[in-house]
Amino acid sequence: MKIFVAGGTGVLGRASLRALVEAGHEVRATARTTQKAERVRGLGAEPVQVDLYDPKEVRHAVAGSEAVLRLTTKIPSIGKMRDRGAWEETNLLRTEGARILVDAAIAEGVRVYVHESITFVYADGGTRWIAEDAPTDDGESQVLRSALDGEKEAARFSESGGRGIVLRFGGFYGVESKMTTDVISMMSRRLLVQPGPGSHYVSSIYIPDAGTAVLASLNLAAGVYNVVDENPVTFEDYLHSLADAVRVPKPFRFPGALGKATFGNVWSYLSRSHRVSNARFKQASGWKPRGWRLVAAALWTEVGKEQ
(Lines give C-alpha, C1' and ligand atoms only; values in the text may rest on other atoms or scores of the structure.)
Protein backbone atom coordinates (compact mmCIF):
# COMPACT_ATOMS: atom_id res chain seq x y z
CA MET A 1 0.00 0.00 0.00
CA LYS A 2 1.18 3.55 -0.74
CA ILE A 3 1.04 5.48 2.52
CA PHE A 4 1.58 9.15 3.39
CA VAL A 5 2.48 9.86 7.02
CA ALA A 6 2.13 13.33 8.50
CA GLY A 7 4.33 13.38 11.59
CA GLY A 8 6.79 10.69 10.62
CA THR A 9 9.65 11.94 12.80
CA GLY A 10 7.80 12.10 16.12
CA VAL A 11 7.85 9.36 18.73
CA LEU A 12 4.76 7.65 17.33
CA GLY A 13 5.76 8.42 13.75
CA ARG A 14 9.16 6.73 13.98
CA ALA A 15 7.70 3.60 15.56
CA SER A 16 5.01 3.53 12.88
CA LEU A 17 7.47 3.98 10.00
CA ARG A 18 9.46 1.00 11.25
CA ALA A 19 6.37 -1.19 11.39
CA LEU A 20 4.97 -0.02 8.05
CA VAL A 21 8.24 -0.41 6.13
CA GLU A 22 8.96 -3.82 7.66
CA ALA A 23 5.49 -4.91 6.51
CA GLY A 24 6.40 -4.00 2.93
CA HIS A 25 4.42 -0.79 2.50
CA GLU A 26 5.66 2.09 0.32
CA VAL A 27 5.88 4.98 2.77
CA ARG A 28 6.39 8.72 2.39
CA ALA A 29 6.65 10.85 5.53
CA THR A 30 6.95 14.52 6.39
CA ALA A 31 10.33 15.84 7.51
CA ARG A 32 10.87 19.54 8.18
CA THR A 33 14.68 19.59 8.33
CA THR A 34 17.60 17.91 6.58
CA GLN A 35 18.42 16.00 9.74
CA LYS A 36 14.86 14.72 10.05
CA ALA A 37 14.82 13.79 6.37
CA GLU A 38 17.87 11.60 6.96
CA ARG A 39 16.11 10.00 9.90
CA VAL A 40 13.13 9.14 7.68
CA ARG A 41 15.43 7.64 5.02
CA GLY A 42 17.19 5.64 7.71
CA LEU A 43 13.85 4.07 8.58
CA GLY A 44 13.30 3.06 4.96
CA ALA A 45 10.75 5.72 4.01
CA GLU A 46 10.87 8.66 1.59
CA PRO A 47 11.02 12.11 3.24
CA VAL A 48 8.66 14.84 2.04
CA GLN A 49 9.04 18.53 2.87
CA VAL A 50 5.60 20.13 3.03
CA ASP A 51 3.83 22.92 4.87
CA LEU A 52 1.00 21.05 6.59
CA TYR A 53 -1.05 24.27 6.75
CA ASP A 54 -0.86 24.90 2.99
CA PRO A 55 -3.78 23.09 1.29
CA LYS A 56 -2.15 23.09 -2.14
CA GLU A 57 1.13 21.66 -0.88
CA VAL A 58 -0.66 19.03 1.19
CA ARG A 59 -2.85 17.90 -1.69
CA HIS A 60 0.21 17.58 -3.93
CA ALA A 61 2.01 15.60 -1.19
CA VAL A 62 -0.80 13.06 -0.66
CA ALA A 63 -1.53 12.54 -4.37
CA GLY A 64 -1.23 8.87 -5.29
CA SER A 65 -1.55 7.65 -1.70
CA GLU A 66 -3.93 4.90 -0.68
CA ALA A 67 -3.77 5.81 3.00
CA VAL A 68 -3.05 9.04 4.88
CA LEU A 69 -1.92 8.87 8.53
CA ARG A 70 -2.07 11.93 10.78
CA LEU A 71 0.39 11.33 13.62
CA THR A 72 1.32 14.96 14.20
CA THR A 73 1.76 16.34 17.73
CA LYS A 74 4.18 18.57 19.58
CA ILE A 75 3.75 17.65 23.24
CA PRO A 76 5.62 19.97 25.63
CA SER A 77 7.95 18.71 28.34
CA ILE A 78 6.67 18.36 31.90
CA GLY A 79 8.39 21.60 32.82
CA LYS A 80 6.48 23.51 30.15
CA MET A 81 3.07 21.88 30.58
CA ARG A 82 1.99 24.72 32.84
CA ASP A 83 2.35 27.12 29.91
CA ARG A 84 -0.86 27.08 27.87
CA GLY A 85 0.98 28.51 24.90
CA ALA A 86 3.12 25.37 24.77
CA TRP A 87 0.10 23.41 23.51
CA GLU A 88 -0.86 25.74 20.64
CA GLU A 89 0.98 23.84 17.93
CA THR A 90 -0.44 20.48 18.99
CA ASN A 91 -3.95 21.95 19.11
CA LEU A 92 -3.56 23.35 15.60
CA LEU A 93 -2.16 20.12 14.20
CA ARG A 94 -5.08 18.18 15.64
CA THR A 95 -7.69 20.53 14.20
CA GLU A 96 -6.64 22.79 11.33
CA GLY A 97 -3.91 20.40 10.25
CA ALA A 98 -6.34 17.48 10.31
CA ARG A 99 -8.94 19.43 8.33
CA ILE A 100 -6.45 20.24 5.59
CA LEU A 101 -5.23 16.63 5.43
CA VAL A 102 -8.78 15.28 5.19
CA ASP A 103 -9.69 17.81 2.50
CA ALA A 104 -6.66 16.71 0.48
CA ALA A 105 -7.32 13.01 1.06
CA ILE A 106 -10.94 13.32 -0.06
CA ALA A 107 -9.96 15.34 -3.14
CA GLU A 108 -7.32 12.77 -4.13
CA GLY A 109 -9.55 9.74 -3.61
CA VAL A 110 -7.56 8.29 -0.69
CA ARG A 111 -9.26 5.21 0.75
CA VAL A 112 -8.03 5.25 4.38
CA TYR A 113 -7.41 8.04 6.88
CA VAL A 114 -5.92 7.21 10.31
CA HIS A 115 -6.13 9.88 13.01
CA GLU A 116 -4.06 9.86 16.21
CA SER A 117 -6.01 10.79 19.34
CA ILE A 118 -5.76 10.22 23.10
CA THR A 119 -7.62 8.32 25.83
CA PHE A 120 -7.51 11.37 28.11
CA VAL A 121 -10.73 12.55 26.44
CA TYR A 122 -12.75 10.04 28.47
CA ALA A 123 -14.61 11.18 31.56
CA ASP A 124 -13.40 9.77 34.88
CA GLY A 125 -14.40 6.10 34.99
CA GLY A 126 -13.39 5.22 38.52
CA THR A 127 -12.61 1.49 38.67
CA ARG A 128 -14.87 0.65 35.69
CA TRP A 129 -13.46 -0.51 32.36
CA ILE A 130 -13.75 2.17 29.68
CA ALA A 131 -14.75 1.16 26.15
CA GLU A 132 -15.01 3.37 23.07
CA ASP A 133 -18.66 4.24 23.72
CA ALA A 134 -17.92 5.63 27.20
CA PRO A 135 -18.69 9.34 27.81
CA THR A 136 -16.05 11.87 26.82
CA ASP A 137 -15.41 15.16 28.59
CA ASP A 138 -13.14 17.99 27.50
CA GLY A 139 -13.01 19.31 31.07
CA GLU A 140 -13.02 22.85 29.66
CA SER A 141 -9.51 22.12 28.42
CA GLN A 142 -8.47 23.38 25.00
CA VAL A 143 -6.08 20.44 24.71
CA LEU A 144 -8.91 17.89 25.03
CA ARG A 145 -11.33 20.01 23.04
CA SER A 146 -8.91 20.07 20.11
CA ALA A 147 -8.47 16.30 20.38
CA LEU A 148 -12.22 15.71 20.19
CA ASP A 149 -12.67 18.28 17.42
CA GLY A 150 -9.91 16.60 15.45
CA GLU A 151 -11.65 13.24 15.69
CA LYS A 152 -14.60 14.77 13.83
CA GLU A 153 -12.37 15.08 10.76
CA ALA A 154 -12.02 11.30 10.64
CA ALA A 155 -15.82 11.01 10.83
CA ARG A 156 -16.10 13.52 7.98
CA PHE A 157 -13.72 11.41 5.91
CA SER A 158 -15.91 8.36 6.51
CA GLU A 159 -19.00 10.33 5.50
CA SER A 160 -17.29 11.06 2.18
CA GLY A 161 -17.05 7.33 1.46
CA GLY A 162 -13.62 6.49 2.86
CA ARG A 163 -12.60 4.72 6.07
CA GLY A 164 -11.83 7.20 8.82
CA ILE A 165 -10.11 5.48 11.75
CA VAL A 166 -9.47 7.15 15.12
CA LEU A 167 -6.85 5.59 17.38
CA ARG A 168 -7.10 6.78 20.97
CA PHE A 169 -3.68 6.08 22.46
CA GLY A 170 -2.81 5.83 26.12
CA GLY A 171 0.22 7.67 27.45
CA PHE A 172 3.41 6.68 25.63
CA TYR A 173 6.32 5.17 27.54
CA GLY A 174 9.70 3.77 26.53
CA VAL A 175 13.25 4.86 25.92
CA GLU A 176 12.20 7.18 23.06
CA SER A 177 9.55 9.01 25.08
CA LYS A 178 10.51 12.49 26.28
CA MET A 179 7.83 12.18 28.94
CA THR A 180 9.46 8.99 30.28
CA THR A 181 12.90 10.58 30.40
CA ASP A 182 11.51 13.76 31.97
CA VAL A 183 9.79 11.78 34.73
CA ILE A 184 12.94 9.74 35.38
CA SER A 185 15.09 12.85 35.48
CA MET A 186 12.76 14.59 37.92
CA MET A 187 12.56 11.46 40.08
CA SER A 188 16.32 11.12 40.26
CA ARG A 189 16.62 14.73 41.42
CA ARG A 190 13.74 14.33 43.90
CA LEU A 191 11.76 16.99 42.03
CA LEU A 192 8.74 14.86 41.16
CA VAL A 193 6.02 14.32 43.74
CA GLN A 194 3.04 12.00 43.72
CA PRO A 195 -0.02 14.22 44.21
CA GLY A 196 -2.65 12.48 46.33
CA PRO A 197 -2.99 8.73 46.90
CA GLY A 198 -2.33 7.82 43.26
CA SER A 199 -5.22 5.37 43.26
CA HIS A 200 -6.62 6.49 39.91
CA TYR A 201 -5.94 4.25 36.91
CA VAL A 202 -3.67 5.31 34.06
CA SER A 203 -3.68 3.63 30.67
CA SER A 204 -0.41 3.58 28.79
CA ILE A 205 1.11 2.08 25.67
CA TYR A 206 4.67 0.94 24.98
CA ILE A 207 5.93 2.95 21.98
CA PRO A 208 6.86 0.00 19.71
CA ASP A 209 3.40 -1.48 20.39
CA ALA A 210 1.84 1.82 19.34
CA GLY A 211 3.72 1.60 16.03
CA THR A 212 2.46 -1.90 15.28
CA ALA A 213 -1.05 -0.73 16.20
CA VAL A 214 -0.87 1.92 13.47
CA LEU A 215 0.08 -0.80 11.00
CA ALA A 216 -2.75 -3.05 12.22
CA SER A 217 -5.29 -0.24 11.89
CA LEU A 218 -5.02 -0.03 8.09
CA ASN A 219 -7.54 -2.82 7.52
CA LEU A 220 -10.05 -1.79 10.17
CA ALA A 221 -13.61 -0.66 9.60
CA ALA A 222 -14.21 3.05 10.16
CA GLY A 223 -14.61 4.03 13.79
CA VAL A 224 -12.89 4.74 17.10
CA TYR A 225 -10.48 2.30 18.75
CA ASN A 226 -8.55 2.35 22.02
CA VAL A 227 -4.86 1.48 21.81
CA VAL A 228 -3.57 0.75 25.29
CA ASP A 229 -1.69 -1.89 27.28
CA GLU A 230 -3.50 -4.99 28.46
CA ASN A 231 -3.76 -4.10 32.13
CA PRO A 232 -3.95 -0.46 33.25
CA VAL A 233 -2.24 0.29 36.54
CA THR A 234 -2.79 2.89 39.23
CA PHE A 235 -0.81 6.11 39.06
CA GLU A 236 1.12 5.09 42.18
CA ASP A 237 2.02 1.70 40.65
CA TYR A 238 3.09 3.43 37.43
CA LEU A 239 5.48 5.78 39.22
CA HIS A 240 6.83 3.08 41.55
CA SER A 241 7.41 0.62 38.69
CA LEU A 242 9.26 3.26 36.72
CA ALA A 243 11.40 4.18 39.72
CA ASP A 244 12.26 0.53 40.36
CA ALA A 245 13.11 -0.05 36.70
CA VAL A 246 15.74 2.67 36.57
CA ARG A 247 16.83 2.46 40.21
CA VAL A 248 15.85 5.91 41.37
CA PRO A 249 13.96 6.82 44.58
CA LYS A 250 10.20 6.65 44.53
CA PRO A 251 8.56 10.09 44.56
CA PHE A 252 7.29 11.61 47.78
CA ARG A 253 3.53 11.66 48.28
CA PHE A 254 2.12 15.17 48.66
CA PRO A 255 -1.43 16.56 48.92
CA GLY A 256 -3.48 16.18 45.74
CA ALA A 257 -3.71 19.96 45.41
CA LEU A 258 -0.05 20.00 44.36
CA GLY A 259 -0.91 18.15 41.16
CA LYS A 260 -1.67 21.39 39.37
CA ALA A 261 1.53 22.97 40.71
CA THR A 262 3.56 20.09 39.21
CA PHE A 263 1.72 19.43 35.96
CA GLY A 264 -0.23 22.63 35.38
CA ASN A 265 -3.82 22.65 34.11
CA VAL A 266 -3.37 19.26 32.44
CA TRP A 267 -3.56 17.71 35.91
CA SER A 268 -7.34 18.21 35.67
CA TYR A 269 -7.42 15.26 33.25
CA LEU A 270 -4.19 13.47 34.16
CA SER A 271 -5.79 12.87 37.55
CA ARG A 272 -8.88 11.20 36.05
CA SER A 273 -9.19 7.45 36.50
CA HIS A 274 -8.91 5.77 33.09
CA ARG A 275 -9.07 1.99 33.14
CA VAL A 276 -9.28 1.76 29.37
CA SER A 277 -10.07 -1.45 27.47
CA ASN A 278 -8.35 -2.42 24.21
CA ALA A 279 -10.77 -5.29 23.52
CA ARG A 280 -12.42 -3.77 20.44
CA PHE A 281 -9.12 -3.04 18.72
CA LYS A 282 -7.61 -6.43 19.50
CA GLN A 283 -10.65 -8.30 18.25
CA ALA A 284 -10.95 -6.26 15.07
CA SER A 285 -7.27 -6.22 14.11
CA GLY A 286 -5.60 -9.24 15.71
CA TRP A 287 -3.06 -6.88 17.29
CA LYS A 288 -1.53 -7.88 20.61
CA PRO A 289 0.48 -5.55 22.85
CA ARG A 290 3.42 -6.79 24.84
CA GLY A 291 1.70 -5.44 27.93
CA TRP A 292 2.80 -3.19 30.76
CA ARG A 293 6.53 -3.53 30.43
CA LEU A 294 9.21 -1.00 31.19
CA VAL A 295 12.04 -3.34 30.19
CA ALA A 296 14.20 -2.51 33.18
CA ALA A 297 17.53 -3.36 31.59
CA ALA A 298 16.82 -1.26 28.50
CA LEU A 299 15.60 1.73 30.46
CA TRP A 300 18.55 1.54 32.81
CA THR A 301 21.02 1.29 29.94
CA GLU A 302 19.47 3.97 27.73
CA VAL A 303 18.04 6.40 30.27
CA GLY A 304 19.07 5.69 33.84
CA LYS A 305 22.81 5.84 33.21
CA GLU A 306 22.42 9.42 31.97
CA GLN A 307 20.83 10.65 35.18
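Values below: all heavy atoms of this structure, side chains included; hydrogens, waters and symmetry mates excluded. Source: prediction; values computed, not measured.
- When side chains are defined from C-beta on, D138 does not count as touching Y269, because their heavy atoms never get closer than 4.5 Å.
- In terms of heavy atoms, A222 sits closest to S158 at CB-OG, 3.4 Å.
- For V40 against P47, the heavy-atom pair with the smallest separation is CG1-N, 3.7 Å.
- Judged by distance alone, with hydrogens and angles left aside, the side-chain atoms of R70 form a donor-acceptor pair with the main-chain N or O of E116 at under 3.5 Å.
- Side chain of R145 to main chain of G139: no donor-acceptor pair is present (N/O by atom type, distance under 3.5 Å, no hydrogens or angles).
- In terms of modelled atom types and a separation under 3.5 Å, the side chain of T33 and the main chain of K36 share a donor-acceptor contact.
- Here the shortest heavy-atom pairing between G211 and L12 reads N-CD1, 4.4 Å.
- The shortest non-hydrogen separation linking A105 to V62 is N-CG2, 4.3 Å.
- Between the side chain of R163 and the main chain of V114, no donor-acceptor pair closer than 3.5 Å is present.
- The pair R168-E151 meets the salt-bridge criterion, since a charged nitrogen lies less than 4.0 angstrom from a carboxylate oxygen.
- Side-chain contact check for V21 versus L43: every heavy-atom pair is 4.5 Å or farther apart.
- Not a single donor-acceptor pair under 3.5 Å links the side chain of D149 to the backbone N or O of T95.
- One finds a salt bridge joining E153 and R156 here, because a Lys/Arg side-chain nitrogen approaches an Asp/Glu carboxylate oxygen to under 4.0 Å.
- Taken together through direct or relayed side-chain contacts under 4.5 Å among Ile, Leu, Val, Met, Phe, Trp and Tyr, V5 and V227 form part of one hydrophobic cluster.
- Under the 4.5 Å side-chain heavy-atom criterion for ILVMFWY residues, a single connected hydrophobic cluster contains both Y225 and V112.
- Between S277 and E132 there is no side-chain heavy-atom pair separated by less than 4.5 Å.
- Ion pairing between D229 and R290 fails under the 4.0 Å rule for side-chain N and carboxylate O.
- Contact check on E66 versus R111 returns a salt bridge, with a Lys/Arg side-chain nitrogen under 4.0 Å from an Asp/Glu carboxylate oxygen.
- Taking the six-membered ring where tryptophan is involved, the planes of Y238 and Y173 are perpendicular, since the angle between them exceeds 60° and thus also 30°.
- The backbone N or O of G7 sits nowhere less than 3.5 Å from a side-chain atom of T72 that would complete a donor-acceptor pair.
- Taking the side chain as every heavy atom from C-beta outward, L218 and I3 approach each other to under 4.5 Å.
- A donor-acceptor pair under 3.5 Å is absent between the side-chain atoms of R253 and the main chain of Q194, judged by distance alone.
- Between F235 and H200, the angle of the ring planes stays under 30°, which puts this pair in the parallel group of the 30/60° scheme.
- With 3.5 Å as the limit, one finds no donor-acceptor pair spanning the side chains of D209 and T212.
- Here the closest heavy-atom approach between residue L17 and residue G8 is recorded as CD1-O, 3.4 Å.
- Taking the side chain as every heavy atom from C-beta outward, L220 and F281 approach each other to under 4.5 Å.
- Ring centers of Y122 and W129: at least 6.0 Å apart, outside the cut-off.
- Salt bridge annotation for E176-R18: present, with a cationic side-chain nitrogen under 4.0 angstrom from a carboxylate oxygen.
- For the pair D137 and V121, the minimum side-chain heavy-atom distance is 4.5 Å or more.
- Looking only at side-chain heavy atoms (C-beta outward), R59 and E108 come within less than 4.5 Å of each other.
- Nearest heavy atoms, G150 versus H115: O-CE1, 3.2 Å.
- Hydrophobic cluster membership differs between F169 and L144, with clusters built from Ile, Leu, Val, Met, Phe, Trp and Tyr side chains linked at under 4.5 angstrom.
- Between H274 and Y201, the ring center distance fails the sub-6.0 Å criterion.
- Between the side chain of R28 and the backbone N or O of A45 there is no donor-acceptor pair closer than 3.5 Å.
- Residues S16 and L71 have side chains in contact (heavy-atom distance under 4.5 Å, counting atoms from C-beta outward).
- Counting non-hydrogen atoms of neighbouring residues, nucleotides and ligands closer than 6.0 angstrom, the CZ atom of R190 exceeds 12 such neighbours.
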